[in-house]
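Heads up, the thing below is written out as structure tokens.
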Amino acid sequence: MGYPSCVAATVSPPPNVVEPDIPPRNNPPRKISRRKLEAPPFFSLRRFAFRAVESSGLDRQCPGVYPLRADFMSVSTYAIPSPALQREVSRRRSFAIISHPDAGKTTLTEKFLLYGGALNLAGSVTARKNQRATTSDWMELEKQRGISVSSTVLQFEYKDCVVNILDTPGHKDFSEDTYRVLTAVDAAVMVVDAGKGIESQTRKLFEVCRRRGVPIFTFMNKMDRPARPSMDLLDELESVLGIHAYPVNWPLGDGPRFKGVYDREQKQVHLFQRTVHGAYRAPVAVTGIEDESVREAVEEGTYRQVCDELELLEGAGADFDLEKVLAGELTPVFFGSAANNFGVQLLLDRFLELSPSPLPRASADIMIDPASEEFSAFVFKIQANMNPKHRDRVAFVRIVSGKFERDMNVLNTRSGDRMRLGNSQRLFARERETVDAAYAGDVVGLVGNYDLLIGDTLASMPGVTFHEIPRFAPECFSYLHNKSTAKYKRFRDGLQQLLKEGVASEFQLLDTDGPQIPLLGAVGPLQFEVLQYRLEGEYAAETRIEQASWSIARWLKPKAGDPLAPEARPSLSLGAALARDSNGWLVVLLPSEWALKTFTDKNEDWIVSDQPFPPPMVEK
């Protein structure tokens, strides 16, 4: 007999080592009951798995391959799915909506909530005086400008699925927040303005999804306005993004002539009617394309063109392949108008059928099964002051495996501290409700002063760490001045809180005299404006921004010696300055690419990285 399944799934015998047979149960030195072999309970299986390796002696022969008890128990149990949790995990769908600014991303989010039953009345991103604003744009600055500046988590149940939607900022200055959110999802809906096609930010976000292997579903939005030819839009997906496209439905005209879509799979036409401001579900009539009502609703020229295009797609278009969709090689394409609710329900229903439930994730050499009974999760976002009546702080946690239960105790693997997760809530933009239980794929908000940072891993056992969160080098720098010394405490407390959210990064300049004025770095200058606005609105601290001359940051380590030693200093080029980041790593700030090249040439004995180094490990 070979190893039990839990051992075989996580370790394999090293070369030239004979796999031992586990003896029958009547062998006195190693008694193993038949009951445990046939139907072992969960924790008995964990002890049995360890004992099988321990008794063989392989844990002593090959300690690097067969780990000691604590690590081995952690690995084996995280790899074993629980049938009891499998059904709940299979119901989960977690996805982000990505696009270039103004393509209709937040509007589509709002309409998903409308069709999912989470809203009775949908708002408008560009809300007029008597209209309601969108649910996901809850921040006052977002309502004023009509743009998303912060990612928002929204959850609702729809057709036996628990849907977690993460609405992301489209503006490039907030791309770091968007990239973090993409680590917490299992699929993405890419919104494309049908009148403009693929735009720059869409390409960047698509590449992030492709690198992570995230399945992408495409929604060609704003078909109620003059649009580019539908065939050209499909060609652009393949030529610009390099992904094959399969149109699930096909538009009947565009602009004022847009009357609905043809469902290629069901062979049915969906004719829509407009609603006032798109606030209610669009009435729809379903019929065949040869039906007389379709010919009456659609102009003769448009009808002939649609029939010709459908014939061309059937003969020369890409075939549908679900495996390629899940591998990110094929994108299902839907056409419609989010503002008028045309095609939104078709997209939502088909997306929930095709998109994946939570998949296993890697932690070092371990593959964490989402249906494992052992709990694991990671923090991907922190947001303060979502409720203006309370100075609270919410850490958004994506559950990777196991069952979350309120008041459970978990380990923060970064700090080594155990914490009780007592105040857990489900977020619906600014609205909240207490969460007593959640499963892999869900996003839970932990409210309170937990010592959590973006990227932290929470687990029920040690040895699990998720390196999911990307970090980016700032491209613009500014000093943040406090205008009122009387409000310095408010200024400092507010700044520290916003820095923990990842709004910006703080650097401490070395070799400077006098009081230290906070030096901040960000991907884009609009982040400074948001930070300044929130300091004044949420903490009553007025500030002044002074732009700094640097535009490049590089992290430094000597190739020999202690990288955190204060005496370790490189040679500086003209215009360069040394600083330390929040983790204590040495950073050089440079004004230009030429200065960077000069600095690199002068310091060949230093490691120069364009990516921040991870925080030093804390020993407990």
Side-chain angles (χ1 to χ4, degrees), residues 82-97 105-123 132 134-138 151-168 181 184-189 214-215 217 219 279-282 284 334 338 341 343-359 370-371 375 377 380-381 386 394 396-406 421 423-447:
S82 163
L85 295 180
Q86 192 65 56
R87 182 184 181 277
E88 287 295 337
V89 172
S90 64
R91 296 178 60 214
R92 267 56 191 177
R93 298 293 185 275
S94 300
F95 66 96
I97 303 182
K105 169 179 50 59
T106 300
T107 301
L108 181 62
T109 302
E110 194 80 355
K111 301 314 170 72
F112 277 161
L113 301 179
L114 175 67
Y115 278 88
L119 292 177
N120 294 320
L121 180 68
R132 63 182 297 278
T134 55
T135 302
S136 57
D137 283 348
W138 57 269
S151 300
T152 306
V153 179
L154 304 153
Q155 186 186 77
F156 61 91
E157 291 198 31
Y158 178 72
K159 291 189 175 180
D160 198 39
C161 286
V162 180
V163 182
N164 295 277
I165 300 180
L166 288 86
D167 181 24
T168 62
V181 166
V185 300
D186 302 304
V189 173
V214 174
F217 296 73
F219 183 65
Y280 303 93
R281 295 188 181 201
V284 57
F334 301 80
N341 304 336
V344 173
Q345 187 164 13
L346 291 173
L347 168 63
L348 180 59
D349 290 346
R350 201 71 181 105
F351 171 80
L352 295 180
E353 293 174 11
L354 299 176
S355 60
S357 56
L359 300 173
F375 176 80
F380 68 92
K381 178 179 174 60
M386 293 184 71
V394 182
F396 291 91
V397 174
R398 156 69 193 243
I399 301 175
V400 177
S401 67
K403 180 180 179 181
F404 171 89
E405 296 179 303
R406 189 159 63 96
L421 306 181
N423 194 357
S424 53
Q425 298 188 347
R426 177 176 292 113
L427 282 297
F428 189 79
R430 185 177 275 172
E431 300 174 13
R432 308 175 183 181
E433 63 180 37
T434 300
V435 174
D436 293 319
Y439 300 86
D442 284 340
V443 174
V444 175
L446 303 178
V447 183

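Keep in mind the model is a prediction, meaning the values are calculated, not measured. The first residue in the sequence is number 1, and the count goes up from there.
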Hits for side-chain contact (heavy atoms from CB on, under 4.5 Å) against V400, two or more places apart or cross-chain, chain-then-number order -> R361, I368, S376, F378, F466
Could you tell me whether the side chain of F375 reaches within less than 4.5 Å of the side chain of I399, counting heavy atoms only? yes
Under the side-chain contact (heavy atoms from CB on, under 4.5 Å) rule, collect the residues that match up with S357, sequence neighbours excluded. R93
F112 and its side chain to side chain contact (heavy atoms under 4.5 Å, CB included) partner, picked from T107, I97, V163: I97
Sequence neighbours excluded, which residues qualify as side-chain hydrogen bond (donor to acceptor under 3.5 Å, both in side chains) partners of S82? E373
Report yes if some heavy atom in the side chain of F95 is under 4.5 Å from a heavy atom in the side chain of D186; otherwise report no. no
With a 4.5 Å cut-off on side-chain heavy atoms, are V344 and L108 touching? yes
Partners of E405 by side-chain contact (heavy atoms from CB on, under 4.5 Å), sequence neighbours excluded? K403
If you define the side chain from C-beta out and look only at heavy atoms, does anything of F404 sit under 4.5 Å from S424? yes
Apply ring pair (Phe, Tyr, Trp, His ring centres under 6.0 Å) to Y439 and list each qualifying residue two or more places apart in sequence or on a separate chain. none
Under the rule for side-chain hydrogen bond (donor to acceptor under 3.5 Å, both in side chains), what residues qualify as partners of R92, not counting sequence neighbours? E88, D442
Identify, with sequence neighbours excluded, every residue that meets side-chain hydrogen bond (donor to acceptor under 3.5 Å, both in side chains) alongside E157. R91
May I ask you to test the S94-P358 pair for a side-chain heavy-atom distance under 4.5 Å? no
Less than 3.5 Å apart, any donor N or O on the side chain of D349 or Y115 sitting next to an acceptor on the other? no
